[in-house]
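Remember, it's 1-based here, ligands and their atoms both numbered in the order they're listed. Only heavy atoms go into these numbers, but all of them, side chains included; no hydrogens, no water, no symmetry mates. Index from 1, following the sequence.
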Amino acid sequence: MTAADFDELRIHAVRLSDASLSRLVEDDPARASDFALRVGPLYASFARQRYDRQALEALFALADNADLAGAMRRLADGAVVNPTEGRAALHTALRSDLSAAPGAKASSALAREARGAMATLIDTLAASDVTDIVSVGIGGSDLGPRLVVDALSPVAGGRFRVHFLSNVDGSAAQRVLAGLDPSRTAAILISKTFGTQETLLNGGIVRDWLGGGERIYAVSANIERAEAFGVARERILPMWDWVGGRYSLWSAVGYPIALAIGMAGFEALLAGAADMDAHALSAVPKHNLAVWHALTAVWNRNALGAATQAVLPYDERLKLLPNYLQQLVMESLGKSVRLDGAELRVQTVPVWWGGAGTDTQHSFFQALHQGTQVVPADFIGVVRNDHPHVQNHRALLANLLAQTEALANGQANDDPHRAYAGNRPSTLLLLDALTPQSLGMLIALYEHSVYLQSVLWGINAFDQFGVELGKQVASRLLPALHGEAEADDPVTQALLAEIRQRA
Ligand code: F6P
């Protein structure tokens, strides 16, 4: 997209600046159905976004100009979509076989083989007296499995209880291990590089606590390092450089998921994602949910200037979705140079944040309704409940519908303190039920939307050099903490002196 394309979006935003959302709906009642799409168990309504049909035309013209359809095909075919690291991003090959490209076919075959190995390891564990699993990893090696396990674990009666350990803070290890019995616990160390400080330190704590490496499994693209850590070769599952960490839960990184919900559940999760892949690859832009979602994100950011984006799952089981999406979206799109290194002249990713259910209404919704910043939101609801508390579920859904309506329509009042301006945009994503399949589909939707946003902005969604500097400085400062070196920076020097004195 060129600067002129973004200017055109802004012209539409100016044209619509006096049009309230309630007026847009009143003037065009068909938008409730025309601005909605269904893909299998997932229904999405964009009717409460602050665009009209004319602005949407401009957005879809951008989708065509940017060749979003071609970009999706290149992704699935294993083109080098991550040129700064010279890599493909073949997460689609982990769950679907929708490409005739030999590289993508070979990747799908490797992924199937790894799932076979995973199933065998699960059978071995199931035949042992292990009841609890500690999954050690961070970022993409933690957030995806953590989200899915939390969302889909049976309320009672799962074969294994899975616990997650990520933060380098020793209190995290202390808390996770307290209450577990080392003789009935196994651990999985998940790290693509097997060089991540947090995972190696926490892995060391768990190995000591278990009394050795016998019940330690690993998932890594660096088999040698995993072996050097003390994990036996037959207990190491592979990962590959053609899968980005934050796109990897569909690979053996999802081993904790398969342990928590069973291999069949894991396959169903993959099948749901594969359905979304097929949709994103084949539906024309105007009927393509991933394209709608991506264009809406660009509209809110670049035409309306929204600096943040909320994600509000109205389902307790999806409470980790905001954390997961923070990495997926912000690590992918938090860039300020184009693919060719040229400086961007438009804003990229807003800050993503959020929380679950009606709890959030009693904390930050005041600002969403009456604050000076307009915060676009993705609301996520689940139609059918899996618990017996019907009244609660109705109340939950009533609150979900009420909030999207109140944010959009507002309410006039002579007293300015009691007036609601409304006009606050949201998308509503409704799952028929929360199942492995529908969750797989929802996550894959976000993955594709993120990629398509990166194409529209002309940035690389698959590198993350921004996280490296802090890691380098931390490793330089480590010896300084126990007095074996000095910091160069005067402020850090003063802070170190303070810490040493108080330690
Ligand atoms: O936070 C930076 C990062 O490189 C993420 O992209 C990645 O998911 C995480 O660290 C963990 O990396 P690894 O799987 O190599 O331990």
Side-chain angles (χ1 to χ4, degrees), residues 81-91 94 111 114 118 134-149 164-169 172-173 187-207 216-231 236-257 320-335 349 351-352 443 446-447 450-451 454 459-475:
V81 290
N82 175 1
T84 56
E85 296 178 299
R87 291 174 184 171
L90 270 168
H91 42 284
L94 298 170
M118 196 156 104
V134 178
S135 177
V136 185
I138 197 162
S141 295
D142 170 68
L143 289 162
R146 197 191 277 259
L147 162 69
V148 178
V149 168
F164 290 89
L165 177 54
S166 55
N167 195 339
V168 77
D169 184 339
I188 314 168
L189 270 54
I190 307 178
S191 177
K192 183 172 167 183
T193 55
F194 229 85
T196 303
Q197 183 188 48
E198 291 91 332
T199 304
L200 295 180
L201 284 169
N202 281 330
I205 293 174
V206 173
R207 186 184 48 199
I216 296 191
Y217 296 76
V219 180
S220 185
N222 197 325
I223 310 271
E224 293 73 33
R225 279 197 191 159
E227 278 187 297
F229 185 89
V231 188
I236 303 173
L237 291 165
M239 237 193 119
W240 311 275
D241 67 5
W242 41 266
V243 181
R246 55 193 174 274
Y247 298 84
S248 67
L249 72 90
W250 325 97
S251 70
V253 168
Y255 187 21
I257 301 172
L320 297 180
L321 188 65
N323 308 41
Y324 169 79
L325 289 179
Q326 280 179 328
Q327 188 203 16
L328 178 68
V329 184
M330 291 165 74
E331 200 170 84
S332 297
L333 302 176
K335 313 287 162 66
V349 75
V351 171
W352 277 59
I443 296 172
Y446 276 105
E447 286 182 347
V450 164
Y451 169 61
S454 80
I459 59 179
N460 186 346
F462 301 108
D463 63 10
Q464 60 282 321
F465 295 111
V467 303
E468 294 308 321
L469 178 60
K471 291 183 194 172
Q472 287 161 20
V473 178
S475 64

*Got a donor-acceptor contact below 3.5 angstrom from the Lys192 side chain to the Met239 backbone?*
no

*Mark up the atoms of ligand 1 that fall under 4.0 Å of a heavy atom belonging to Gln464, in ascending order.*
6 (O)

_If we set the cut-off at 4.0 Å for heavy atoms, which region of Lys471 has an atom near ligand 1: side chain, backbone, both, or neither?_
side chain

*Run the numbers on Ser454 and Leu333 for side-chain contact (heavy atoms from CB on, under 4.5 Å), then give the verdict.*
CA-CA 6 Å; Ser454 80; Leu333 302 176; 3.6 Å; yes

*Taking the side chain as C-beta and beyond, is there a heavy-atom pair between Leu200 and Phe194 under 4.5 Å?*
yes

_For atom 2 (C) of ligand 1, what is the closest protein heavy atom, and at what distance to 0.1 Å?_
Val467 CG2, 3.5 Å

_Any Gln327 heavy atom less than 4.0 Å from ligand 1_ = yes

*Is any side-chain heavy atom of Phe465 less than 4.5 Å from a side-chain heavy atom of Lys335?*
no

_For atom 12 (O) of ligand 1, closest protein heavy-atom neighbour_ = Thr196 OG1, 3.5 Å

*Once you round to the nearest 0.5 Å, how far does CZ of Arg146 lie from CG of Leu165?*
8.0 Å

_Atoms of ligand 1 close to Glu331 [distance to a heavy atom under 4.0 angstrom, numbered from 1]_ = 1 (O), 2 (C), 5 (C), 6 (O)

*Phe462 ring centre to Arg87 NZ or CZ under 6.0 Å, with the angle to the axis within 45°?*
no

*Of all heavy-atom pairs between Leu328 and Val450, which one has the smallest distance, and what is that distance?*
O-CG1, 4.0 Å

*Only heavy atoms count here, so choose which of Gly466, Gly139, Ser141 is nearest to atom 14 (O) of ligand 1.*
Ser141

*Short list, please: which atoms of ligand 1 are under 4.0 Å from a heavy atom of Ile138?*
9 (C), 11 (C)

_Tell me whether the rings of Tyr446 and Trp352 are parallel (<30°), tilted (30 to 60°) or perpendicular (>60°)._
perpendicular

*Just heavy atoms, cut-off under 4.0 Å: does Thr193 contact ligand 1 by side chain, backbone, both, or neither?*
both

*Under 4.0 Å from any heavy atom of Lys192, which atoms of ligand 1 are there?*
13 (P), 14 (O), 15 (O)

_Tell me the protein heavy atom at minimum distance from atom 8 (O) of ligand 1, and give that distance in Å._
Gly140 N, 2.7 Å

*For ligand 1, which atoms, with element, lie under 4.0 Å from some heavy atom of Ser191?*
13 (P), 14 (O), 15 (O), 16 (O)

